[in-house]
Amino acid sequence: MAYWLFKSEPETWGWDDQVAKGDAGEEWDGVRNYQARNFMREMALGDRGFFYHSQSDKAVVGIVEVCAEAHPDSKADDPRWECVDIKAVRPFQQPVTLDQIKADTRLSEMVLVRNSRLSVQPVTETEWRMICAMGQTDPD
DNA sequence: GCCAACGTTGGC
DNA sequence: GCCAACGTTGGC
């Protein structure tokens with residue numbers, strides 16, 4: 001199983017919106033960046049991801065699961081844009097902020113730190129476990 | 001609100 | 001195919 005990170009502005013689409021969709025999940029639509037799209041193409045059913053709030057929050061706030069593999073983005077007028085569906089699994093007991101992540105040198109290689117603008121990114125298993133621990137949240 | 005980083009577009 | 005111009009994102 002692979003691990004990922006999904007970034008969203010909470011004012012546009014936040015964790016609460018994601019939770020409201022329940023197990024049916026929701027398309028992770030709106031990605032118009034090839035790198036991010038390509039990562040979504042690599043995702044498999046059951047892969048896990050962090051749900052990250054950018055801008056005002058700048059924190060990992062929950063865990064999501066891929067519940068549909070890449071398919072055309074229903075909101076795009078161009079079929080080259082694809083996306084997966086994700087559903088909320090559980091919230092973080094304690095959100096893990098970008099400051100905390102940056103403060104830990106073991107996480108300095110994270111894409112979140114190195115390329116802050118990429119909205120969909122891979123996370124290593126080590127990073128996954130470390131951040132779950134920081135958030136006092138079950139990683140599985 | 002500013003600006004750095006980055007991606008995309010379009011003229012040549 | 002290069003590169004300048006421009007737009008967007010997101011941290012500060």
Side-chain angles (χ1 to χ4, degrees):
Chain A
M1 174 167 60
Y3 299 100
W4 310 93
L5 182 146
F6 297 86
K7 190 187 299 181
S8 186
E9 297 176 35
E11 290 78 12
T12 307
W13 182 260
W15 175 251
D16 291 343
D17 299 302
Q18 188 66 53
V19 168
K21 288 289 171 180
D23 283 344
E26 176 76 351
E27 273 192 316
W28 195 253
D29 58 58
V31 171
R32 299 293 179 269
N33 171 284
Y34 289 106
Q35 248 190 306
R37 183 206 62 186
N38 292 344
F39 285 132
M40 288 200 283
R41 282 180 171 173
E42 291 177 27
M43 294 180 189
L45 269 185
D47 277 0
R48 292 291 170 100
F50 287 138
F51 193 103
Y52 176 83
H53 279 166
S54 65
Q55 316 233 90
S56 55
D57 238 23
K58 283 171 293 182
V60 174
V61 294
I63 291 178
V64 294
E65 179 178 320
V66 175
C67 58
E69 294 187 359
H71 56 81
D73 181 337
S74 70
K75 298 209 174 60
D77 45 15
D78 189 327
R80 71 187 154 165
W81 298 119
E82 298 176 17
C83 63
V84 296
D85 291 9
I86 60 172
K87 64 176 185 184
V89 173
R90 73 176 67 91
F92 262 55
Q93 290 294 112
Q94 196 71 47
V96 175
T97 65
L98 181 62
D99 283 349
Q100 286 176 268
I101 291 170
K102 283 191 162 174
D104 194 318
T105 54
R106 291 169 301 175
L107 294 171
S108 62
E109 292 301 310
M110 269 194 84
V111 183
L112 191 66
V113 176
R114 304 223 126 196
N115 182 5
S116 59
R117 291 189 52 205
L118 190 60
S119 62
V120 176
Q121 39 181 277
V123 171
T124 68
E125 188 175 353
T126 310
E127 292 162 350
W128 181 268
R129 295 193 172 280
M130 204 172 294
I131 289 173
C132 286
M134 288 160 81
Q136 294 155 36
T137 297
D138 181 2
D140 298 314

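By convention in this document, chain letters (A, B, ...) are assigned in the order of the sequence lines, proteins followed by strands, and residues within each chain are numbered from 1.
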Min side-chain heavy-atom separation A:Val113-A:Leu107 under 4.5 Å:
no
So, using side-chain hydrogen bond (donor to acceptor under 3.5 Å, both in side chains) as the criterion, who are the partners of A:Glu125 when residues are at least two apart?
A:Arg129
Reckon A:Leu118 touches a base, only the sugar-phosphate, or nothing at all at heavy-atom distances under 4.0 Å?
nothing
Only one of A:Trp28, A:Phe50, A:Phe39, A:Tyr52 passes ring-ring contact (aromatic ring centres under 6.0 Å, His included) with A:Phe6, and that residue is A:Trp28
With side chains defined as the heavy atoms from C-beta onward, is the minimum distance between A:Leu112 and A:Glu127 less than 4.5 Å?
no
Got a salt bridge between A:Arg32 and A:Asp73, using NZ or NE/NH1/NH2 to carboxylate O under 4.0 Å?
yes
Could you give the start and end, 5' to 3', of the contact zone on DNA chain B for chain A, using atoms under 4.0 Å from its heavy atoms?
B:dA5 to B:dT8
